[in-house]
Structures are given as structure tokens and as C-alpha cells.
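Here the structure comes first, spelled out in C-alpha cells, and everything after it is commentary.
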Amino acid sequence: MPFSAVVGSEWTKLWSVRSTWWATGVFVLVVGAVGALAAASTDTADRPEVAVQTALIGFGFGQLALLVVGLLTVTAEFASGSAVSTLTAVPRRTRLLLAKTVVVVVWCLLLAVVLAALCFLAARTLTAVPGGVPPTDPAVLRTLGLQAGAAALVGVLGIALGTVLRSTAGAVMVGTALVLVLPPVLALSGPRWAERLAQALPMVRVGQDAFFSVPTSWPVGMAVVAAWAVGAWVLGAVLHERRDV
């Protein structure tokens, strides 16, 4: 089967389950509503990127919905038993996992770009900034681009955790702990080693900054998230190849 056909099949399956619609709806609602409220509540900002990053705050919680979309792409098939039919049609498991990843990354990027653009418009319209919020400002474009990239990486991490654990509940718990719960808990615990450990976890990001955790530079933060996503994906691919079903 051509790889394009496998991708097309996975795209169809992504839209065939209600969970995708529910998770997408939650993501749009949280990011859009919180972003508009944050922008409206911020009267002024000293720099354009600060205004935009304030409007992006909804991504901090909303990205959990993208994590769920990613992991359900894998776990839903094992829960329903349809994974057997899928593996019969596409016996090359890593190829199948790659097709799932392409579909989820495209969907996460599309959603993130659209919502980031709406948040930008909210910041430009509702927050007063000296000189305005120009769409061509390099700092603004970097902030928006980083947000879209972080959202895509969260989707890949979801795919990876779903493949490794094959349990929806288990993958949701582990994913939420890694990206949202453990980083701030460790950051607030006090010891220096805990702060270092928090910085090494794949915490969700809002633009250039960590969300509710120890600050890191954006290159370091994105590198950490990417390393976790790719590392977990490779582990999932190896386990997927070696398991019976």
C-alpha cells in the first residue's frame, strides 16, 4: 500500500471518532476564550510580543487537548480491537506509526496556526501597545511560530505515549504529569536539583516561556520538548515492532 494511501486512511480514521471532535472543540474553546479574555484584561503592554504572548495564555491548558488527540489516535484502536485489522492491512508497523504521526502533526499545526492568528488579532485589537502590534515584527512572528511548533510537538508526544502504554487512561495520566503537573511541583519544592529536573521535563510552553514552571530560554525549552517527543516516539516504534499485536 502506498504511503499516501496509509496517510489518507489515518486521516479518515482521525475524523471517524467523536473524541477528535470533542478534543478539538475543547482546544478551540479554551485557547480562543482565554486568549480573548486575557487580551481584553490587559490594558497596555510595553512590547508587541508581550501583548501577543499574553493572548496566547490559553495554549497553556489547551495543549492538553492536543495531547489527547495524539494518544487516542493509537489507543482508541487497541481499545476497540480494530488495531488487528489495521496491522493486517499495514503490517509494516513503523510505517503505520509514521503515517499516524504525519496526520496528527498536520492537524495540530493547522489548529495552532489558526488559533495563534486569532490570538494575535485579539492582542492587536484589545491591548494598547506603543506603535501597535505589527504582524511583521520578528519577535511577534517568533512567538507565534514557537507556539505552533510546541503544539505540534505535544501531539507527537501524545502519539508516542499512546504507542508505548496502549492505555488511554495511563497515557493521559503520564502525559499530563510530564507536561503540566510535575514541572511546577518540582519548581516550587525548593531544592536546586528539583528545579533542574523541572527544566528537563517536556513542560508545555506559551510562546517563548515555560508555563507555570522554571524559566528556560526558548531554544533550550523547545529542544527539551523535542527530545522527549522524538525519544518517546522512537521507543514506541521499537516496542510496536516487537509486540505480538
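Reckoned from all heavy atoms, side chains included, excluding hydrogens, waters and symmetry mates.
Taking all atoms of both residues into account, the shortest heavy-atom contact from Val133 to Ala51 is CG2-CB, 4.5 Å. Here the closest non-hydrogen pair linking Ala23 and Val69 is CB-CG2, 3.5 Å. Pairing each heavy atom of Thr136 with each of Leu141, the nearest pair is O-CD1, 3.9 Å. Contact detail for Pro48 and Val140: the closest heavy-atom pair is CB-CG2, 3.6 Å. Shortest non-hydrogen contact noted between Ala122 and Ala36 is CB-CA, 4.4 Å. Here the closest non-hydrogen pair linking Ala187 and Ala198 is N-CB, 4.1 Å.
Counting only distance, with no hydrogens or angles, the side chain of Thr86 and the backbone of Ser82 share a donor-acceptor pair below 3.5 Å. Looking only at distances, no side-chain donor or acceptor of Thr24 sits under 3.5 Å from a matching main-chain atom of Trp21. For Thr20 (side chain) and Ser16 (main-chain N/O), no donor-acceptor pair under 3.5 Å exists by modelled atom type. A donor-acceptor distance shorter than 3.5 angstrom exists from the side chain of Ser80 to the backbone of Glu77, with no hydrogens or angles considered. The backbone N or O of Lys100 sits nowhere less than 3.5 Å from a side-chain atom of Glu10 that would complete a donor-acceptor pair. Without hydrogens or angle criteria, Gln199 side chain to Pro215 main chain gives a donor-acceptor distance under 3.5 Å. Formation of a donor-acceptor pair under 3.5 Å by the Gln208 side chain with backbone atoms of Pro219 is not found in this model. A donor-acceptor contact shorter than 3.5 Å links the side chain of Thr127 to the backbone of Ala39. In this structure a side-chain-to-backbone donor-acceptor pair under 3.5 Å is present from Thr54 to Val50. When atom types are taken as modelled, the side chain of Gln63 and the backbone of Arg205 share a donor-acceptor pair closer than 3.5 angstrom.
Put simply, the side chain of Ser9 reaches to within 4.5 Å of the side chain of Lys13, judged on heavy atoms. A heavy-atom distance below 4.5 Å is found between the side chains of Pro135 and Phe120. Counting heavy atoms from C-beta on, the side chains of Thr73 and Leu14 come closer than 4.5 Å. Inter-residue side-chain proximity for Thr143 and Trp218 is flagged as unmet; no heavy-atom pair is nearer than 4.5 Å. Residues Phe59 and Val204 have side chains not in contact (no heavy-atom distance under 4.5 Å, counting atoms from C-beta outward). The shortest distance between side-chain heavy atoms of Val104 and Val156 does not fall below 4.5 Å. Between Val105 and Val102 there is no side-chain heavy-atom pair separated by less than 4.5 Å.
Distance check, rounded to the nearest 0.5 Å: CG of Leu153 to CG of Leu66 gives 11.5 Å. Rounding to the nearest 0.5 Å places CG of Leu182 at 8.0 Å from CG of Leu197. Interatomic distance, Leu126 CG to Cys119 SG, rounded to the nearest 0.5 Å: 11.0 Å. Atoms SG and CD1, on Cys108 and Ile159 in that order, are 8.5 Å from each other to the nearest 0.5 Å. Rounded to the nearest 0.5 angstrom, Leu115 CG and Leu56 CG are separated by 9.5 Å. In this structure, Phe78 CZ and Leu87 CG are separated by 6.0 Å, a value rounded to the nearest 0.5 Å.
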Q: Test Leu97 against Thr163 for side chain to side chain contact (heavy atoms under 4.5 Å, CB included), laying out the working first.
A: CA-CA 8 Å; Leu97 185 60; Thr163 307; 3.3 Å; yes
Q: Go through Val129 and Arg47 one step at a time and tell me if the side chain to side chain contact (heavy atoms under 4.5 Å, CB included) criterion holds.
A: CA-CA 6 Å; Val129 180; Arg47 300 192 309 276; 5.7 Å; no
(Q) Run the side chain to side chain contact (heavy atoms under 4.5 Å, CB included) test on Leu201 and Leu186 for me, step by step, so that the C-alpha distance in whole Å, both residues' side-chain angles and the decisive distance to 0.1 Å come before the verdict. (A) CA-CA 10 Å; Leu201 292 176; Leu186 290 170; 3.8 Å; yes
(Q) Go through it in stages, so that I can follow the logic: the residues are Val206 and Asp209, the test is side chain to side chain contact (heavy atoms under 4.5 Å, CB included), and I'd like the CA-CA distance, side-chain angles, deciding distance and then a yes or no. (A) CA-CA 6 Å; Val206 173; Asp209 294 334; 5.8 Å; no
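Counting heavy-atom neighbours within 6.0 Å of Trp15 CH2, excluding the residue itself, gives a total above 12. The environment of Arg92 atom CZ is sparse: at most 12 non-hydrogen atoms of other residues, nucleotides or ligands sit within 6.0 angstrom. Within a 6.0 Å radius of CZ in Arg196, no more than 12 heavy atoms belonging to other residues, nucleotides or ligands are found.
Between Phe211 and Phe61, the ring centre distance stays below 6.0 Å.
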Under 3.5 Å, which donor-acceptor pairs do the side chains of residues 228-242 form with other protein atoms, sequence neighbours left out?
from: Trp228; atom 1: NE1; to: Ala200; atom 2: O; distance (Å): 2.7
from: Trp233; atom 1: NE1; to: Thr101; atom 2: OG1; distance (Å): 2.7
from: His240; atom 1: ND1; to: Arg166; atom 2: NH2; distance (Å): 3.4
from: Glu241; atom 1: OE2; to: Thr94; atom 2: N; distance (Å): 3.0
from: Glu241; atom 1: OE2; to: Thr94; atom 2: OG1; distance (Å): 2.7

